[in-house]
Amino acid sequence: MEMKKVGILLGSTRSNGNGKGLEKWLIERLSHNGISSTSGYELVHVYPHAPMHPLGPVDGEAIPAMLNPDQENCYPSSRVSEWSQLINTCSAFVVLTPQHNWGYPGDLKNAIDHLYHEWKGKPVMVVTYGGHGGGKCGQQLKQVFAGLRMKVVDENVEISLPSEYIRSSTRVSSPPEEHLSADPSSCLESYPAFLQSVDDQVAAAARQFIALCDAQ
């Protein structure tokens, strides 16, 4: 069985943020809901603003939709070419991002806008988090992905973070390793209650995501 590579794209990789802890929770819940190696999926990390991908502003002479990624040196820099190659290896994406001031992070939009064809036609699920779940950010991103002709999961996954996870030093962290190797249903109980409450949203979104991937 050929494995489908699913890129987990983080909208924020702040070293002191909630993103990394939420990413581990999300990967575990996606695996529990059928997006796992045993079902033909390989989950990979895609960090657009990690040190290996400092993309910078979109400054090419032509818009990405007019470029041919298969053509040598079609992008203005080697960094963008490497980003293109990484995105091109993925069959689908799950975007996990915070909401910033009622919108999505600028770095995330910048990473998206460097490319076009590498995104086009691929399934994408949007998972947002913030003080009120990040719904405004999620709707905006879905419009962006629709513009890229991606297959967007309709189901919303919105994680409402308690105030202490935003305004103080409390952060989402991973459960102990013994829980990660245990039964997934018991693993869920190792996370905060506000994450347990969105498990049905993840399950519904995962079902639609799998259907979109199967239709490719």
Ignoring hydrogens and angles, tell me if any N or O in the side chain of Ser81 forms a donor-acceptor pair with the backbone of Ser77 under 3.5 Å. yes
Nearest 0.5 Å, what's the CZ-CG distance between Arg207 and Asn33? 7.5 Å
Please check if any side-chain donor atom of Asn156 sits under 3.5 Å from a side-chain acceptor atom of Lys142, or the reverse. yes
Rounded to the nearest 0.5 Å, how far apart are CH2 of Trp119 and CE of Met150? 6.5 Å
Any side-chain heavy atom of Pro69 within less than 4.5 Å of one from Glu118? yes
Residues Met125 and Phe209: closest non-hydrogen pair is CE-CB, 3.7 Å
Report the C-alpha distance between Trp25 and Val202 in whole Å, list the side-chain angles of each, state the deciding distance to 0.1 Å, and finish with yes or no for side chain to side chain contact (heavy atoms under 4.5 Å, CB included). CA-CA 11 Å; Trp25 161 81; Val202 176; 3.8 Å; yes
Considering only heavy atoms from C-beta outward, does the side chain of Met3 approach that of Tyr41 to under 4.5 Å? no
Tell me the closest heavy-atom pair linking Asn68 and Cys74, and the distance in Å. O-SG, 3.3 Å
If you define the side chain from C-beta out and look only at heavy atoms, does anything of Leu9 sit under 4.5 Å from Leu96? no
Given the rule in the ring-ring contact (aromatic ring centres under 6.0 Å, His included) test, do Trp83 and Tyr75 qualify, once you have shown the distances and angles that lead to the verdict? CA-CA 10 Å; Trp83 179 239; Tyr75 287 112; over 10 Å; no
Applying side-chain hydrogen bond (donor to acceptor under 3.5 Å, both in side chains) to His100 and not counting sequence neighbours gives none
Identify the two heavy atoms, one from Val46 and one from Cys90, that lie closest to each other, and give their separation to 0.1 Å. CG2-SG, 4.3 Å
Is the shortest heavy-atom distance from the side chain of Leu161 to the side chain of Asn18 under 4.5 Å? yes
I want to check something: taking the side chain as every heavy atom from C-beta on, are Val94 and Val127 in contact at a cut-off of under 4.5 Å? yes
Any side-chain heavy-atom pair from Cys213 and Ser91 closer than 4.5 angstrom? no
What heavy-atom pair brings Ser160 and Gly133 nearest, and what distance separates the two atoms? OG-N, 3.4 Å
Here's a test for you: under side chain to side chain contact (heavy atoms under 4.5 Å, CB included), which of Asn88, Leu212, Leu148, Val6 qualifies with Lys122? Asn88
Please check if atom CG in Asn101 has more than 12 non-hydrogen atoms from other residues, nucleotides or ligands closer than 6.0 Å. no
Please check this pair: side chain of Arg79 against backbone of Pro76, looking for a donor-acceptor N/O pair closer than 3.5 Å. no
Can you get from Val58 to Leu108 by hopping between Ile, Leu, Val, Met, Phe, Trp and Tyr side chains that sit under 4.5 Å apart? no
Beyond-backbone contact of Val44 with Ile8, side-chain heavy atoms, under 4.5 angstrom: no
Can you measure from CD (Glu2) to CD (Glu42) and round to the nearest 0.5 angstrom? 11.5 Å
For residues Gly147 and Tyr116, report the shortest heavy-atom separation together with the two atoms involved. O-CE1, 4.2 Å
What residues form a ring pair (Phe, Tyr, Trp, His ring centres under 6.0 Å) with Tyr165, not counting sequence neighbours? Phe194
Nearest 0.5 angstrom please: His117 NE2 to Met66 CE, how far? 8.0 Å
Please check: side-chain N/O of Arg29 versus main-chain N/O of Asp199, any donor-acceptor pairing under 3.5 Å? no
Counting neighbours of CD on Glu164 that are heavy atoms of other residues, nucleotides or ligands and sit closer than 6.0 Å, is the number greater than 12? yes
What is the distance from atom NE2 of His32 to atom CD of Glu28, rounded to the nearest 0.5 Å? 7.5 Å
Carefully, step by step, assess Phe145 and Ile112 under the rule side chain to side chain contact (heavy atoms under 4.5 Å, CB included). CA-CA 9 Å; Phe145 292 136; Ile112 293 168; 3.8 Å; yes
Locate the shortest heavy-atom distance separating Leu115 from Pro64; write the atom from each residue and the value. C-CB, 3.7 Å
Within the structure provided, determine whether Thr128 and Ile159 are in side-chain contact (heavy-atom separation under 4.5 Å). no
Start with the C-alpha gap between Phe93 and Ile87, add the side-chain angles, then the distance that decides, and say whether side chain to side chain contact (heavy atoms under 4.5 Å, CB included) holds. CA-CA 9 Å; Phe93 298 91; Ile87 297 304; 3.5 Å; yes
Return the CG to OG distance between Leu43 and Ser37, rounded to the nearest 0.5 Å. 8.5 Å
Side chain Ser31, main chain Ile27, donor-acceptor under 3.5 Å: yes
When you measure from the side chain of Glu155 to the backbone of Val126, do you find a donor-acceptor pair of N or O atoms at a distance under 3.5 Å? no
Test applied, side chain to side chain contact (heavy atoms under 4.5 Å, CB included); reference residue, Val152; option that passes from Val144, Leu141, Val124: Val124
Quick one: does any side-chain atom of Gln201 pair with a main-chain N or O of Glu158 as donor and acceptor, under 3.5 Å? yes
How far apart are the C-alpha atoms of Ser12 and Thr97, what are their side-chain angles, what is the distance that settles it, and do they pass the side chain to side chain contact (heavy atoms under 4.5 Å, CB included) test? CA-CA 6 Å; Ser12 172; Thr97 182; 5.8 Å; no
Donor on one side chain, acceptor on other, Glu23 and His45, under 3.5 Å: yes
